[in-house]
Amino acid sequence: MSEDRSIREIRLEKLQQLRDLGFDPYATEKFKIDHSVKHLLNEFDQLADLSESGKEDKPILSIAGRVVALREMGKAAFAHLSDGEDRIQLYIRKNDLDEWNENAWPAFKLVDIGDHLGVTGHLFTTKTGEKSLYVHTLTPLSKALHNLPLGKEKDGEQWYGLTDVDQRYRHRHLDLICNHEAREQLLNRSRIVSEVRRFFDNRGYLEVETPLLQLEAGGAAARPFLTHYNAYDIQVKLRISLELYLKRIICGDVPKVYEIGRVFRNEGVSNRHNPEFTLLEWYEAYANLEDMMECVEDLFRHVVTACVNVYGQVLTPGQRRMFNRSNRWMTIVSGLNPIEPRLPGADLYFMSQLGSDVIESTLSLLSTGNEIQFYSANLEYLSGEASILDQDERGGRLICLSTTRFRHSDGLLLTLEPGIYTFMSSVYGWASSNTSNDLATILDFTKPWHRVDLMTAIEERSGIKQSELTNLIDAKAAMKRVGLPTEKENNLGGIIEKLLEHFVEPHLQEPTFIVGYPIETSPLAKKDPNRPGFTRRFEGYVLGREVCNAFSEINDPIDQRERFEQQMGERDKGDDEAHPMDEQFIYALESGMPPTGGCGIGIDRLVMLLTGAEHLREILLFPMMRPELSHDNPED
RNA sequence: GAGACGUUAGCUCAGUGGUAGAGCAAUUCCCUUUUAAGGAAUGGGUCCAGGGUUCAAGUCCCUGACGUCUCACCA
């Protein structure tokens, strides 16, 4: 610090002064809390005795939290106390503290923004109507030795605060203290994972934990992290998937298992990649591909329903806080609340953001015949046309909109981009504007997912005929014809997956299963008996991104050995991500594994999808970061 | 890995080749129902680093570091 006395020094002095006054913040071991701040505010009228009785007769309550705002006014002061979830105003008066302890007021004057404080007192409402706590006694519970970047705040709107993306991730505690969005994302993730776990537990799956340290890291195509185990003096690898050990458990006649665990891949960092991430895999004996598809559908239905309905506060689209750094419109559309429909017909809630202006609106559509009228409490319809293309039995409508404009009551203009919108009548669907074409896409997880054959999809989207993709030479020629680079390709499967990625994936907005993957890129998936060169494997896609990967597992040990040997060949050719031989796994298969279906889902990306996060780092508490440069050693 | 943009006070950010700035936070003082409290005063800077141009560089040029965004590869 270059200040005369650094903030840290000043605060350490204050700490000593607090101790001298008998208010050592670090001496308290436990502080009894009667209520969370949120509960206090929600049940304010019940908890506060609003009768005219004196303050001695009011019920005394005890709460604690961090001081996040402080307004001193001579011999009285207002403060805001946050317990992380919510904040409540405190009113502190010198006279009242003096009655209790003559050192209390001097001690309070030493409290800074950022300190933790326990208080007792009674509830009251200030002149301006804010629910507050009238403090009788106070107990400093910690001292913040740093200046926390807490912004000012009113009615949930924040000024200043911590916005530096790098700092938010490096010092996540500051992010959690200063930014409500960070806390919401943390809760979102936790709840989604809980619901995933509940789903499998309810279905009789056994949750297991398998080794992170492995002699050979298999089950996926990726480079592992290496480390050394001293006791046996051997090199070990951090796992890159959960697959092989879970199937060894299936071989042990435990028919339904799942694991949610961290895996490690020695690769770069991006919006959607982190070297360690959380993977969900589950395996079910005697289940086939169709069973796995239904299971994925059920899982999404369960998680989305549970999170939207039970935790509506969190995942209701209107509640989502967008980390939208650009000035692009973000429109989120949610469906009609089926419990309390406000108007007949489809209904929209949407939040738009233009720069720093957040506009929340509701819009109802009422149709008579083919005519549509807009109803809204805060939007004035200006121009645009709409027509109904289709309507389903649940009240959902497919509506074609021209550019439609509204004026919000605050004066700002809103534009719904032209396109085809699906307005749902169920809470299960919502839409987000697609960043590539600004066309809203509704995700309805109540319906079965689309099922599309991989080769058929490629043919439809790229114009390349399936007959062109039966040998490497023709396939490369076809690839070249559509303008894709062919240098890196050395097998048919790779080309097919590249074509899928390039031509098909962007179109897979609604939940879709792509079925039938080439054998070369699926070394653990059962051969399709009816289609040489292809396996019984599917991947699920939502909003153009892969969300799951599933297949009927190979249970023929001879076949599995051949696949591994083929992979060893690829490895010899220089593919260091090819699958290694795993004799232990083969031995387990040779002991007999029933026909089994298995599926994997990247939890982080699932959370991204369900929370609208654009970056993996938003939903990862401590993403991988390059070490900070020390200012003392700029040479490093 | 490629491109664009950025790095100035604890935080958020201005800064036009000529003395380094604001708001918040901090320090001292006034104020017993304020709320982005208010009022008075004060302190706080390796302008990312290193070169270069110039009488003079936070500003212009070069190199590097780090970050953000976009694109490409891996889930």
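Throughout, protein chains are lettered first and strands after them, A, B, ... in sequence-line order, and every chain is numbered starting at 1.
Here the P atom of nucleotide A9(B) and the CZ atom of Arg8(A) are 21 Å apart, to the nearest Å. Rounded to an integer number of Å, the gap from Phe277(A) CZ to A75(B) C1' is 5 Å. Remark: C1' of G44(B) and CD1 of Ile7(A) are 9 Å apart, rounded to the nearest angstrom. Residue Leu133(A) contributes atom CG, which lies 17 Å from atom P of U33(B) at whole-angstrom precision. Arg617(A) has its CZ atom 12 Å from the C1' atom of C69(B), to the nearest Å. When the P atom of U33(B) is taken as reference, atom NZ of Lys127(A) falls 6 Å away, rounded to whole Å. In this structure, Tyr541(A) places its OH atom 10 Å from C1' of A75(B), rounding to the nearest Å. Between the CG atom of Asp164(A) and the P atom of C66(B) there is a distance of 16 Å, given to the nearest Å.
Using a 4.0 Å heavy-atom criterion, one finds that His146(A) contacts no nucleic acid atom at all. Across all strands, Asn266(A) comes closer than 4.0 Å to no nucleic acid atom at all (heavy-atom distances). Contact annotation for Arg87(A): no contact, since no heavy-atom pair falls under 4.0 Å across all strands. Glu501(A) comes within 4.0 angstrom of the backbone, heavy atoms only, and of no base. The residue Ala221(A) sits close only to the backbone: its heavy atoms come under 4.0 Å of sugar-phosphate atoms, none of a base. As judged by a 4.0 angstrom heavy-atom cut-off over every strand, Asn271(A) is placed among residues touching the sugar-phosphate backbone only. Within the 4.0 angstrom heavy-atom criterion, base atoms lie near Glu267(A). The residue Asn549(A) sits apart from the nucleic acid: no heavy atom pair falls under 4.0 Å.
Glu570(A) and Lys573(A) are joined by a salt bridge, as a carboxylate oxygen and a charged side-chain nitrogen come within less than 4.0 angstrom of each other.
Val296(A) has its side chain within reach of Phe300(A): a pair of non-hydrogen atoms, C-beta onward, lies under 4.5 Å apart.
Every residue meeting the side chain to side chain contact (heavy atoms under 4.5 Å, CB included) condition with Asp164(A), not counting sequence neighbours, appears here in chain and number order: Asp166(A), Gln167(A). Taking the side chain to side chain donor-acceptor pair (under 3.5 Å) definition, one finds that Thr126(A) meets it with Thr128(A), sequence neighbours left out. Residues satisfying the side chain to side chain contact (heavy atoms under 4.5 Å, CB included) test with Arg537(A), not counting sequence neighbours, are Glu497(A), Tyr517(A), Thr521(A), Ser522(A), Ala525(A), Thr535(A), Glu539(A), Asn549(A), Phe551(A). A search for side chain to side chain contact (heavy atoms under 4.5 Å, CB included) contacts involving Asp112(A) returns Arg11(A), Lys14(A), Asp115(A), Lys143(A), not counting sequence neighbours. Asn271(A) meets the side chain to side chain donor-acceptor pair (under 3.5 Å) test with no other residue; sequence neighbours excluded. When the ring-ring contact (aromatic ring centres under 6.0 Å, His included) test is applied to Phe277(A), no partner is found at least two apart in sequence or on another chain.
Comparing the C1' positions of A75(B) and C61(B) gives an interatomic distance of 44 Å, to the nearest angstrom. A distance of about 14 Å separates the C1' atoms of A20(B) and C13(B), rounded to the whole Å. The gap from the P atom of A14(B) to that of U8(B) amounts to 11 Å, rounded to the nearest Å. Atom name C1', nucleotides C29(B) and G67(B): the rounded distance is 42 Å, in whole Å. The same atom, C1', is picked in C62(B) and in G45(B); the two are 26 Å apart, to the nearest Å. Taking atom P on both A40(B) and C60(B), the two are 36 Å apart, rounded to the nearest angstrom.
The side chain of Arg11(A) lies closest to A26(B), out of U68(B), A26(B), U32(B). Of the candidates U12(B), U32(B), C73(B), the closest approach to any side-chain atom of Ala76(A) belongs to U32(B). Closest to the Arg170(A) side chain, of the nucleotides A26(B), U68(B), C66(B), is C66(B). Considering only side-chain atoms of Asp166(A), the nucleotide from U68(B), U27(B), U32(B) that sits closest is U68(B). Side-chain proximity of Gln89(A) to U33(B), U34(B), C11(B): nearest is U34(B). Out of U27(B), C73(B), G67(B), the shortest distance to the side chain of Lys14(A) is found at U27(B). Residue Leu616(A) places its side chain closer to A75(B) than to any other of A75(B), U70(B), U33(B).
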*Determine, step by step, whether Met624(A) and Glu276(A) satisfy the side-chain contact (heavy atoms from CB on, under 4.5 Å) criterion, reporting the C-alpha distance in whole Å, the side-chain angles of both residues, the deciding distance to 0.1 Å, and the verdict.*
CA-CA 8 Å; Met624(A) 189 67 186; Glu276(A) 55 178 303; 5.7 Å; no

Dump the pairs, protein N or O against N or O of nucleotides 37-39 of chain B, anything under 3.5 Å, distances to one decimal.
residue, atom, partner, partner atom, Å
A37(B), OP1, Lys152(A), NZ, 2.0
A37(B), OP2, Arg71(A), NH1, 3.3
A37(B), N6, Glu72(A), O, 3.0

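Remark: nothing in residues 101-111 of chain A comes within less than 4.0 Å of RNA chain B through any heavy atom.
Figure legend. A37(B) is base-paired to no nucleotide; pairs are counted as Watson-Crick or G-U wobble with both atom distances under 3.5 Å. Across all strands shown, C24(B) pairs with G10(B); the Watson-Crick or G-U wobble distances both stay below 3.5 Å. For A49(B), the paired nucleotide is U63(B), the pair qualifying as Watson-Crick or G-U wobble because both relevant distances are below 3.5 Å. The partner of G58(B), taking Watson-Crick or G-U wobble pairs whose two distances both stay under 3.5 Å, does not exist in any strand shown. When both distances must be under 3.5 Å, the Watson-Crick or G-U wobble mate of U19(B) does not exist. Using Watson-Crick or G-U wobble geometry with both donor-acceptor distances under 3.5 Å, A4(B) finds its partner in U68(B).
For His615(A), a side-chain nitrogen or oxygen approaches OP1 or OP2 of U70(B) to under 4.0 Å.
Across all non-hydrogen atoms, the minimal contact from Ser241(A) to Glu281(A) is CB-OE2, 3.8 Å.
The side chain to side chain contact (heavy atoms under 4.5 Å, CB included) with Val542(A) is formed by just one residue from the set Val547(A), Leu508(A), Leu606(A); it is Val547(A).
Each of Glu546(A) and Gly129(A) lies near RNA chain B, and the nucleotide nearest Gly129(A) is the one positioned closer to the 5' end. Nearer to the 5' terminus of RNA chain B, by closest-nucleotide assignment, is the contact made by Val269(A) (compared with the other of Val269(A) and Arg265(A)).
His579(A) and Gln566(A) form no side-chain donor-acceptor contact under 3.5 Å, judged by distance and modelled atom types alone.
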Listing, residues 63-75 of chain A side-chain donor-acceptor contacts under 3.5 Å, not counting sequence neighbours, or none:
residue, atom, partner, partner atom, Å
Arg66(A), NH1, Gly114(A), O, 2.8
Arg71(A), NH2, Gln89(A), OE1, 2.7
Glu72(A), OE1, Lys109(A), NZ, 3.1

